[in-house]
**Student:** 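Dropping the structure in here first, questions after.
Given the structure is predicted, the values throughout are model-derived calculations rather than measurements. Here, residue 1 is the first one in the sequence, and each next residue gets the next number.
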Amino acid sequence: MPAKEFESKLRYLIISAPDVIQQAPGIKIFGRTLRSFLFTTDIALIRNTDADAIMAVYPFTPQPSINQAIMTTADVPVMCSVGGGELKDERAVHLALETEFRGAVGAVLSPEIDNDIVAKIKKRVDIPVVVTVVSEKEDVERRIESGADILNVSGAENTCRIIERIRNKYPYIPIIATGGPTDDSIRETITCGADAITYTPPTNAELFKKTMQLFRENL
């Protein structure tokens, strides 16, 4: 039986994660099972989604003010970017600690992060250390030995192959993965072994285009 739903005249536009993501086993963090992660830093989208959590990763050097704005806005758990190879040990550890103190449920490290920094962060924080994997050439064993609690697989068309290689050797490591644009691609990613899926929503511009078109048609 489907859940009973309350609908609002004002909050009618919700960014819904694809239903197929609910087939994923999920990752339980601090008592909450997370299956769908909205991949965005757009505060408007973050406030209007039914995703279980937010994956707030961006291509710029991580800044506490950005992470704070996202976590202050979100009403669901947030995993935040805390850096990669461009950061020195002290800065990366400090950012990870500050991210934890502000309420994040995961510190996300980029693919080029050094394993020594992963180990230092793991010793200091009490939230999951999430290391991004983008290639089959990644030394996953060293990542896990260094302290990675969760692997965030983002390998484009190679994502499933990367997941399968990890699963064959490390069946119990939690994996978040990009699911692709369709229900079939998401289902395939889950079948390959992903525990949770990151979903990239439409942009503000794309949503506005549809809204403006409706306005024009109704004039």
**Student:** Could you go step by step and tell me if L34 and I29 meet the side-chain contact (heavy atoms from CB on, under 4.5 Å) rule?
**Tutor:** CA-CA 7 Å; L34 309 177; I29 301 176; 4.0 Å; yes
**Student:** Is there a chain of hydrophobic side chains (I, L, V, M, F, W, Y, each step under 4.5 Å between heavy atoms) that links I43 to I54?
**Tutor:** no
**Student:** Specify the closest pair of heavy atoms between A194 and A24, including all atoms of both residues, with the distance to one decimal.
**Tutor:**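 Scanning both residues completely, I find the closest heavy atoms to be O-CB, 4.5 Å.
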**Student:** On a heavy-atom basis, which atom in G103 and which in M71 lie closest, and how many Å separate them?
**Tutor:**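 Closest pair (atom of G103, atom of M71, distance): C-SD, 3.8 Å.
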**Student:** Should I127 and F30 count as side-chain neighbours, where that means a heavy-atom distance under 4.5 Å?
**Tutor:** yes
**Student:** Looking only at heavy atoms, what is the nearest atom pair of I163 and C192, with distance?
**Tutor:**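 It is CG2-O, 3.4 Å.
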**Student:** Might you confirm whether atom CZ of R187 has over 12 heavy atoms from other residues, nucleotides or ligands at distances under 6.0 Å?
**Tutor:**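 More than 12 within 6.0 Å, yes.
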**Student:** List the atom of I173, the atom of A148, and the distance in Å for their closest heavy-atom pair.
**Tutor:**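 So the two residues come closest at CD1-O, 3.9 Å.
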**Student:** Rounded to the nearest 0.5 Å, how far does CD of E112 lie from CD1 of I117?
**Tutor:**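 Between atom CD1 of I117 and atom CD of E112 there are 10.0 Å.
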**Student:** Do I190 and I197 come close enough that some side-chain heavy atom pair is under 4.5 Å?
**Tutor:**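 Yes, side chains in contact.
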**Student:** Is T41 close to I70 at the side-chain level, that is, under 4.5 Å between some pair of heavy atoms?
**Tutor:**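 Yes. Closest side-chain heavy atoms under 4.5 Å.
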**Student:** Report yes or no: does T40 contribute a side-chain atom to a donor-acceptor pair with the main-chain N or O of D42 at less than 3.5 Å?
**Tutor:** yes
**Student:** If we ignore hydrogens and angles and just use 3.5 Å, is the side chain of N67 paired with the main-chain N or O of S81 as donor and acceptor?
**Tutor:** yes
**Student:** Could you pull out the closest heavy-atom pair between V76 and A53, with the gap in Å?
**Tutor:** CG2-CA, 3.9 Å
**Student:** So do L151 and Y170 actually touch side chain to side chain, heavy atoms under 4.5 Å?
**Tutor:** no
**Student:** Test side chain to side chain donor-acceptor pair (under 3.5 Å) on N158 and R161; report intermediate values, then the result.
**Tutor:** CA-CA 5 Å; N158 296 321; R161 194 155 60 241; 2.5 Å; yes
**Student:** So does D19 have more than 12 non-hydrogen atoms from other groups sitting under 6.0 Å from CG?
**Tutor:** no
**Student:** Is there a side-chain contact between V140 and K169 in this structure, where contact means two heavy atoms from C-beta onward sitting under 4.5 Å apart?
**Tutor:**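 A side-chain contact is absent here, since even the closest heavy-atom pair is not under 4.5 Å.
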**Student:** With the side chain counted from C-beta on, respond yes when V131 and N152 share a heavy-atom pair under 4.5 Å apart, and no when they do not.
**Tutor:**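 No, their side chains stay 4.5 Å or more apart.
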**Student:** Just so I know, are the side chains of R165 and I162 near enough to count as touching, which here means a heavy-atom distance under 4.5 Å?
**Tutor:**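 Sidechains of I162 and R165: no contact.
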**Student:** Between CG of D116 and CD1 of I121, what distance do you get to the nearest 0.5 Å?
**Tutor:**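 Between atom CG of D116 and atom CD1 of I121 there are 11.5 Å.
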**Student:** With no hydrogens and no angle check, is any side-chain donor or acceptor of T72 less than 3.5 Å from a backbone partner on A69?
**Tutor:** no
**Student:** Measuring from atom CD of Q68 to atom OG1 of T73, what distance do you get when rounded to the nearest 0.5 angstrom?
**Tutor:** 9.5 Å
**Student:** Can you tell if the side chain of E145 reaches within under 4.5 Å of the side chain of E141, non-hydrogen atoms only?
**Tutor:**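 Yes; the side chains approach each other to less than 4.5 Å.
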**Student:** Would you check if the side chain of T132 reaches a backbone N or O of L109 as a donor-acceptor pair within less than 3.5 Å?
**Tutor:**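 Yes, the answer is positive, given that a donor and an acceptor are paired below the 3.5 Å cut-off.
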**Student:** Kindly say whether L97 contributes a backbone atom to a donor-acceptor pair with the side chain of E100 at under 3.5 angstrom?
**Tutor:**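 Between the backbone of L97 and the side chain of E100 there is no qualifying donor-acceptor contact (under 3.5 Å).
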**Student:** Would V82 and V108 count as a side-chain contact (heavy atoms from CB on, under 4.5 Å) if you check the C-alpha gap in whole Å, the side-chain angles of each, and the deciding distance to 0.1 Å?
**Tutor:** CA-CA 6 Å; V82 299; V108 185; 5.9 Å; no
**Student:** If you measure from OG on S154 to CE on M55, what distance do you get to the nearest 0.5 Å?
**Tutor:**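 Separation between the atoms: 9.5 Å.
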**Student:** Any chance you could measure T191, atom OG1, to D184, atom CG, to the nearest 0.5 Å?
**Tutor:**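 Between T191 OG1 and D184 CG, I get 10.0 Å after rounding to 0.5 Å.
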**Student:** Mind listing the closest non-hydrogen atom pair of T33 and G26 along with its distance?
**Tutor:**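 Minimum heavy-atom separation between T33 and G26: CG2-CA, 4.0 Å.
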**Student:** Nearest 0.5 Å, please: how far is OG1 in T198 from CE in M79?
**Tutor:** 11.0 Å
**Student:** What verdict does the side-chain contact (heavy atoms from CB on, under 4.5 Å) test give for V153 and I166, after you've listed the backbone C-alpha separation in whole Å, the side-chain angles of each residue and the deciding distance to 0.1 Å?
**Tutor:** CA-CA 10 Å; V153 179; I166 295 171; 4.0 Å; yes
**Student:** Can you check salt bridge (charged side-chain N to carboxylate O under 4.0 Å, His left out) on D149 and K122, steps first, answer last?
**Tutor:** CA-CA 9 Å; D149 298 298; K122 176 61 181 173; 2.8 Å; yes
**Student:** Take I15 and D50, measure what side-chain contact (heavy atoms from CB on, under 4.5 Å) needs, and give me the verdict at the end.
**Tutor:** CA-CA 7 Å; I15 306 301; D50 65 0; over 6 Å; no
**Student:** Indicate if V134 and Y58 have the same hydrophobic cluster label, given that clusters are the connected sets of ILVMFWY residues with side-chain heavy-atom separations under 4.5 angstrom.
**Tutor:**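 Different clusters.
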**Student:** For the side chain of D195 and the backbone of I175, is there at least one donor-acceptor N/O pair under 3.5 Å apart?
**Tutor:** yes
**Student:** Under a 3.5 Å distance rule, please check whether D52 uses its side chain to pair with a backbone N or O of R35 as donor and acceptor.
**Tutor:**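 Side chain of D52 to backbone of R35: a pair is present.
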**Student:** Treating T49 as the side-chain partner and L45 as the backbone partner, does any N or O pair qualify as donor plus acceptor under 3.5 Å?
**Tutor:** no
**Student:** Take R143 and N115 through the test side chain to side chain donor-acceptor pair (under 3.5 Å) and record every step on the way to the result.
**Tutor:** CA-CA 6 Å; R143 291 304 201 193; N115 286 319; 2.8 Å; yes
